[in-house]
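Start at 1 and go down the list; that is how both ligands and their atoms are numbered.
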Amino acid sequence: MRVLVIGAGIGGLTLAQGLRREGVDVVVYERDGPDGRPQGISLHLDDRGTTALRACLPPSHAEMVAATTGGPREQALTLSEVDGELAVAGARPLDGPARPGRQTHRPLLRAVLLTGLADVVRFGARFTRCERQPGGTVKVWFADGRTDTADVLVGADGIGSAVRGARLPDVRVVDTGRRMLMGATPLRVVAGTGLPGLIGDSATRVESGGRTMVLGVLRFTRPPSVARRELLPAMDSRVAAEAEDYVMWALPTEQHRLASAGSPAGLWRAAGELAAGMHPTLRLIVASGWPEVTAGLRIGTIPAMPAWPPGPVTLLGTRSTWRRASEGTWRCGTPTASATPC
Ligand SMILES: Cc1cc2nc3c(=O)[nH]c(=O)nc-3n(C[C@H](O)[C@H](O)[C@H](O)COP(=O)(O)OP(=O)(O)OC[C@H]3O[C@@H](n4cnc5c(N)ncnc54)[C@H](O)[C@@H]3O)c2cc1C
């Protein structure tokens, strides 16, 4: 069996690793180049994510992910200002939809997932349309004129999926109206403030100066370079060498701030303006952030949909809900007209 996966994000690459492990012939087509584009810096990996990675990845890859997460995250904290100091105002266990887990460094996770797939991932290939062939296979077209044919096509191309646009043209992303600025700051900058000790590995919401900031500290359980050398030497050494402990931060914001900010550096400046009335430690966190990793998010959702009929074209992660603000409109990919649509 031959499978085409559209999208080399964390979903598509995990699937490709799993198929390869089972001996299935798989090719991944990715719109971007090998370095991709900024997609946020951290992910919360809960038991379902860990189980999926263990099921799909070679053991050494799964070990590399496990060795380079943060510490166990079992509760969510709320902090507020008391007499000018940040203090814990509330704590609740992560036992609802948000489950216990660990903070994961996204670029490192992606580098692990790419390891061993060099002969399988084709970069710079934007899917445009597909068509079912008389023998039951699916033919796929790319923007640069390339085509390919397979028994199964999987759309793992994110919230704006063009494959979903072709397969389920009526499905639309609904804008929740929520916007977020996200960034990260080296932990060493705030090490002396007492904040990292206060929040530990917890997911944390801080209320200060009439605004909210979400924080998460990632202290790698093992230095990524050491873990790479011992567990996965084939992995890109650059990503491991560049990784250092950090604080991830997020600020809920309004659409107009994202619209006018433009570049990551512009988004970082906008975050600084938002944090201007907050506690000095929170201002320091934003002011010392890495401008180039700052991202603006529009948060959307796809309403629950009935199961689609079985066929050779399917979707992965179709209910993922976050999208970079820079990606333009919310519309799903434009459905394409074809003799036998997929
Ligand atoms: C800035 C940012 C920060 C985030 N932070 C968090 C977080 O802290 N915690 C969390 O749980 N989630 C977070 N998310 C959400 C999380 O990233 C998504 O849920 C997750 O990435 C979905 O994985 P995926 O593989 O399904 O899709 P994606 O990661 O979106 O990957 C889709 C891939 O498909 C490619 N692609 C798209 N269209 C085409 C095409 N036509 N042809 C070929 N390739 C195509 C894209 O380039 C991309 O590489 C964040 C998202 C963003 C954008």
Side-chain angles (χ1 to χ4, degrees), residues 4-17 27-46 48-49 52-53 56 69-70 73 97-99 101-107 109-110 113-114 121-130 140-144 146 148 153-167 173 178-184 203 214-216 218 246-250 258 264 267 292-302 314-328 331-334 336:
L4 301 186
V5 178
I6 306 298
I10 50 182
L13 292 174
T14 302
L15 174 65
Q17 289 278 4
V27 179
V28 182
Y29 284 97
E30 166 58 43
R31 171 187 65 185
D32 292 341
D35 290 335
R37 59 186 79 190
Q39 276 226 318
I41 193 153
S42 289
L43 285 168
H44 178 79
L45 193 63
D46 68 19
R48 293 164 297 185
L53 290 175
C56 292
T69 58
R73 174 184 277 175
R99 296 152 72 130
R102 289 168 182 262
Q103 195 166 322
T104 308
H105 187 47
R106 189 180 182 118
L109 174 61
R110 189 158 187 271
L113 293 175
L114 276 166
V121 182
R122 315 262 188 274
F123 292 104
R126 184 169 65 82
F127 166 92
T128 53
R129 70 187 182 98
C130 56
V140 171
W141 281 260
F142 297 93
D144 60 4
R146 266 181 275 185
D148 202 345
L153 169 67
V154 182
D157 46 346
I159 183 91
S161 172
V163 179
R164 189 186 63 235
R167 181 73 177 79
V173 180
R178 292 166 59 207
R179 303 289 184 269
M180 194 85 90
L181 279 164
M182 299 181 74
V214 176
L215 296 172
L218 201 165
Y246 61 86
V247 189
M248 183 280 300
W249 46 266
L258 296 195
L267 292 165
E292 67 278 11
V293 305
T294 313
L297 296 184
R298 302 195 298 171
I299 300 175
T301 184
I302 297 176
T314 192
L315 303 164
L316 181 153
T318 198
R319 299 206 62 206
S320 61
T321 55
W322 296 16
R323 189 178 208 196
R324 281 182 301 275
S326 56
E327 278 196 359
R331 279 179 42 246
C332 304
T334 311
T336 48

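- Here Arg106 has side-chain heavy atoms under 4.0 Å from ligand 1, and that is the only part of it that gets that close.
- Ligand-side atoms of ligand 1 in range of Phe127: 40 (C), 41 (N), 42 (N), 43 (C), range being under 4.0 angstrom from any heavy atom.
- Compare Ala156, Gly7, Ala295, Gly165 by their heavy atoms: the one nearest to atom 32 (C) of ligand 1 is in Ala156.
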### Task
Would you sort out whether Arg102 and Arg73 count as a side chain to side chain contact (heavy atoms under 4.5 Å, CB included), showing the intermediate values?
CA-CA 5 Å; Arg102 289 168 182 262; Arg73 174 184 277 175; 5.8 Å; no
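- Taking distance alone, with nitrogen or oxygen atoms compared against 3.5 Å, Leu43 stays at or beyond that limit from ligand 1.
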### Task
Walk me through it: do Arg122 and Val28 pass the test side chain to side chain contact (heavy atoms under 4.5 Å, CB included)?
CA-CA 6 Å; Arg122 315 262 188 274; Val28 182; over 6 Å; no
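- Taking every heavy atom of Asp32 and a limit of under 4.0 angstrom, the matching atoms of ligand 1 come to 47 (O).
- Residue-ligand proximity, Gly9 to ligand 1, at heavy-atom distances under 4.0 Å covers atoms 25 (O), 29 (O), 31 (O), 33 (C), 49 (O).
- Using a 4.0 Å cut-off to heavy atoms of Ala125, the atoms of ligand 1 that qualify are 42 (N), 43 (C).
- Residue contacts with ligand 1 leave out Gly160, since none of its heavy atoms falls under 4.0 Å from the ligand.
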#### Entry: Steps toward side chain to side chain contact (heavy atoms under 4.5 Å, CB included) verdict (Ile299, Met180)
CA-CA 8 Å; Ile299 300 175; Met180 194 85 90; 4.3 Å; yes
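- Each of Arg106, Gln103, His105 was checked for a side-chain hydrogen bond (donor to acceptor under 3.5 Å, both in side chains) with Ser42, and the lone residue meeting it is Gln103.
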### Task
Apply the test side chain to side chain contact (heavy atoms under 4.5 Å, CB included) to residues Cys56 and Leu15: give CA-CA distance (whole Å), side-chain angles for both, the deciding distance (0.1 Å), then the verdict.
CA-CA 7 Å; Cys56 292; Leu15 174 65; over 6 Å; no
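- Counting heavy atoms of neighbouring residues, nucleotides and ligands inside a 6.0 Å radius, atom CZ of Arg126 does not exceed 12 of them.
- Of all the heavy atoms of Ile6, the ones lying under 4.0 Å from any atom of ligand 1 belong exclusively to the side chain.
- Residues meeting the side-chain contact (heavy atoms from CB on, under 4.5 Å) test with Ala98, sequence neighbours left out: Leu94.
- The proximity of Leu13 to ligand 1, defined as any non-hydrogen pair under 4.0 Å, does not occur for either the backbone or the side chain.
- The part of Ser42 lying near ligand 1 is the backbone, judged by heavy-atom distances below 4.0 Å.
- Of the heavy atoms in Tyr29, only backbone atoms (N, CA, C, O) come closer than 4.0 Å to ligand 1.
- In this structure, the side-chain contact (heavy atoms from CB on, under 4.5 Å) partners of Ala125, at least two apart in sequence or on a different chain, are Tyr29, Phe142, Arg146.
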